[in-house]
Number of protein chains: 2
Amino acid sequence: MEVAVELVLFTVRDDRLQVLLTPRPERPALPGGLVGPQEAVEEAARRVLREQTGFGDAYIEQLYTFGDPGRDPARRTISVAYFALLRSDSAGLPSGATWRFVKSLPSLPFDHDAIIRTALARLRAKLSYSTVGFQLLPAAFTLTELQRLYEVILARRIDKRNFRKKLLTMGLLKPVPGRRASGPHRPAQLYAFRTRRLRFLDGQLV
Amino acid sequence: MEVAVELVLFTVRDDRLQVLLTPRPERPALPGGLVGPQEAVEEAARRVLREQTGFGDAYIEQLYTFGDPGRDPARRTISVAYFALLRSDSAGLPSGATWRFVKSLPSLPFDHDAIIRTALARLRAKLSYSTVGFQLLPAAFTLTELQRLYEVILARRIDKRNFRKKLLTMGLLKPVPGRRASGPHRPAQLYAFRTRRLRFLDGQLV
DNA sequence: TCAAAAGTGTTAAACGTACACCCATGA
DNA sequence: TCATGGGTGTACGTTTAACACTTTTGA
């Protein structure tokens, strides 16, 4: 029996949640590949990330294992899906791979539609009770940028004052020197996360 | 490469959280087995439940996939762990299998210690925001029995009045005819879950 | 009659949510 | 000077958490 990994790599650019697809003979699909005989499953996921997306330092976490016979008509494959988040300031795109808006995805081969739905549900749920969303932002960012990130992923508006109050009270952020000027208005203070590592929150963030 | 399933089957009896171990040549371990060539992974988990535990109607859900090379020194196996809950009134125990207190487990082979830790964390987390704990009780039960269940799993005391208020307000339970007399004191009203199916709750239950 | 668990409300604090205006800037 | 997003506080309703006594029963 073959064991594969699939990668659902999300990023937020231009105020849209996007997912990376790689070219396949038939039609684009999620990046993926077989797990090597001496390779840990998570290692394989990181290798696929490196080789097929060209991005090295994404956040990665195991999502779910899809193992119905018939999910790949050609051969029996069990696939461990991983969920990955890429900082919006990551540069480059490997040849052939494309970012697609999650809102307007084409129909994907195998069970990749279901995998993406599962990943999106995980991302949305985890935004509320953990700092996982922080993985999508660069080292310094404005509070509005952070709020837009949440709004884009959750597909709903968030109150600016309540959002800021919550984040600052929780002590997740620290102001860093510098401001971002982006048009004919007051420049915004830059902030950074107090720690880059994933934290689970006491209450609900959003 | 071989793909296996492992089963972490919990039950609560005698006010203790217990997990089922099956005999192995070396020492007891989690029930498990290989996934057949034409078998869905979840099907394999249900088959292991049937064949190795003798219990047919447990709640089952995928937990995590453990795939480090070296987790089984004998051969390369990737294992999809499942988490299962058995009603405390289920009768019978298959030959050789034993219930062990989760609090005082012996050291287990392979990475089974880690699998049980992961399962316990999932169970505790899910108790708070879903009705998954209901799978551990028979069709009719008293409010005290339900509360004891939560206390045993979470390993902490819960306020009786607040617990009852929350459950009744949420409309998860309905009283059913009958009372349970269990000693020299007032008998307790019996209740049942309004629906057996898993529900995710708006707020926190405990 | 006694011991034991069943059953039942109130209060204070914390939290969530809704809401509107002035500020600083570049064009 | 004007258009734009940055930045800030309050008040109300809901939820959580702490807390103690009476009731019913079997022994």
Side-chain angles (χ1 to χ4, degrees), chain A residues 12 14-15 88 124-125 127-130 137-138 140-152 154-192 200-206, chain B residues 12 14-15 88 125 127-130 137 140-152 154-192 200-206:
Chain A
V12 173
D14 307 322
D15 282 353
S88 56
R124 284 183 170 153
L127 275 190
S128 305
Y129 67 84
S130 81
L137 283 181
F141 50 86
T142 69
L143 294 181
T144 299
E145 286 164 0
L146 180 58
Q147 181 178 340
R148 289 294 297 146
L149 177 78
Y150 277 77
E151 290 180 335
V152 163
L154 297 173
R156 64 181 177 86
R157 310 303 300 276
I158 299 171
D159 182 89
K160 180 162 62 160
R161 281 170 289 190
N162 293 339
F163 184 74
R164 289 169 181 229
K165 203 188 316 167
K166 197 68 171 285
L167 277 159
L168 297 172
T169 306
M170 282 184 165
L172 301 173
L173 305 181
K174 58 178 181 218
V176 295
R179 295 160 160 259
R180 169 119 65 231
S182 65
H185 53 83
R186 181 171 174 176
Q189 177 64 51
L190 291 177
Y191 286 83
F200 295 90
L201 307 175
D202 277 350
Q204 297 261 117
L205 177 51
V206 282
Chain B
V12 174
D14 307 323
D15 281 353
S88 55
L127 275 190
S128 304
Y129 66 83
S130 80
L137 283 181
F141 50 87
T142 69
L143 294 181
T144 298
E145 286 164 0
L146 181 58
Q147 182 178 340
R148 288 295 298 147
L149 178 78
Y150 276 77
E151 290 180 335
V152 163
L154 298 173
R156 63 180 176 87
R157 309 303 300 275
I158 299 170
D159 182 89
K160 180 162 64 159
R161 282 169 290 189
N162 293 338
F163 183 74
R164 289 169 180 229
K165 205 186 316 165
K166 197 67 171 285
L167 276 159
L168 297 172
T169 306
M170 282 184 165
L172 300 174
L173 304 182
K174 57 176 182 222
V176 294
R179 293 157 163 264
R180 169 118 64 232
S182 65
H185 53 82
R186 180 170 174 177
Q189 177 64 51
L190 291 177
Y191 286 83
F200 295 91
L201 307 176
D202 277 349
Q204 297 263 119
L205 178 51
V206 280

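Here the structure is a predicted model, which is why all the values come from computation and not from measurement. Chain naming here is simple, since letters A, B, ... match the order of the sequence lines and numbering starts at 1 in each.
- With salt bridges taken as basic N to acidic carboxylate O contacts below 4.0 Å, one links Glu151(B) and Arg148(B).
- Close approach of DNA chain C to chain A, defined as any atom under 4.0 Å from a non-hydrogen atom of the protein, starts and stops at dG16(C) to dG26(C).
- Remark: the backbone N or O of Ile158(B) is paired with a side-chain donor or acceptor of Gln147(B) at under 3.5 angstrom.
- When rounded to the nearest whole Å, the span between CG of Asn162(A) and C1' of dG7(D) equals 14 Å.
- Here the P atom of nucleotide dT16(D) and the CD atom of Gln204(B) are 8 Å apart, to the nearest Å.
- Of the N and O atoms on the side chains of Thr144(A) and Arg180(A), not one donor lies less than 3.5 Å from an acceptor on the other residue.
- Residues Ser130(B) and Phe200(B) share a closest heavy-atom pair of CB-CD2, 4.0 Å.
- Regarding Asp159(B), its CG atom lies at a distance of 11 Å from the P atom of dA20(D), rounded to whole Å.
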Got a list of protein N/O to nucleotides 2-5 of chain D N/O distances below 3.5 Å?
unit_1	atom_1	unit_2	atom_2	d
dT4(D)	O2	Pro184(A)	O	2.9

Would you mind writing out the side-chain donor-acceptor pairs for residues 165-178 of chain B within the sub-3.5 Å range, not counting sequence neighbours?
unit_1	atom_1	unit_2	atom_2	d
Lys165(B)	NZ	Asn162(B)	OD1	3.3
Lys166(B)	NZ	Gln204(B)	O	2.4
Thr169(B)	OG1	Lys165(B)	O	2.5

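- Residues of residues 163-177 of chain B that place a heavy atom closer than 4.0 Å to DNA chain C, in numerical order, are Arg164(B), Lys165(B).
- At whole-Å resolution of the value, CZ in Arg161(A) and P in dA11(D) are 13 Å apart.
- Nearer to the 5' terminus of DNA chain D, by closest-nucleotide assignment, is the contact made by Arg179(A) (compared with the other of Arg179(A) and Gly203(B)).
- Taking atom CD of Glu145(A) as the reference point, atom C1' of dG7(D) lies 15 Å away to the nearest angstrom.
- Between Ser128(B) and Leu201(B), the shortest heavy-atom contact is O-CD1, 4.2 Å.
- The heavy-atom pair separating Asp15(B) from Val152(B) by the smallest distance is O-CG2, 3.4 Å.
- Residues Pro138(A) and Ser88(A) share a closest heavy-atom pair of CD-OG, 3.6 Å.
- By the side-chain contact (heavy atoms from CB on, under 4.5 Å) test, Arg161(A) pairs with Asp159(A), sequence neighbours left out.
- The ring pair (Phe, Tyr, Trp, His ring centres under 6.0 Å) pairs that include a residue from residues 167-187 of chain A number zero, where partners must be two or more places apart or lie in different chains.
- Aromatic pair Phe163(B)/Tyr150(B): ring centres closer than 6.0 Å.
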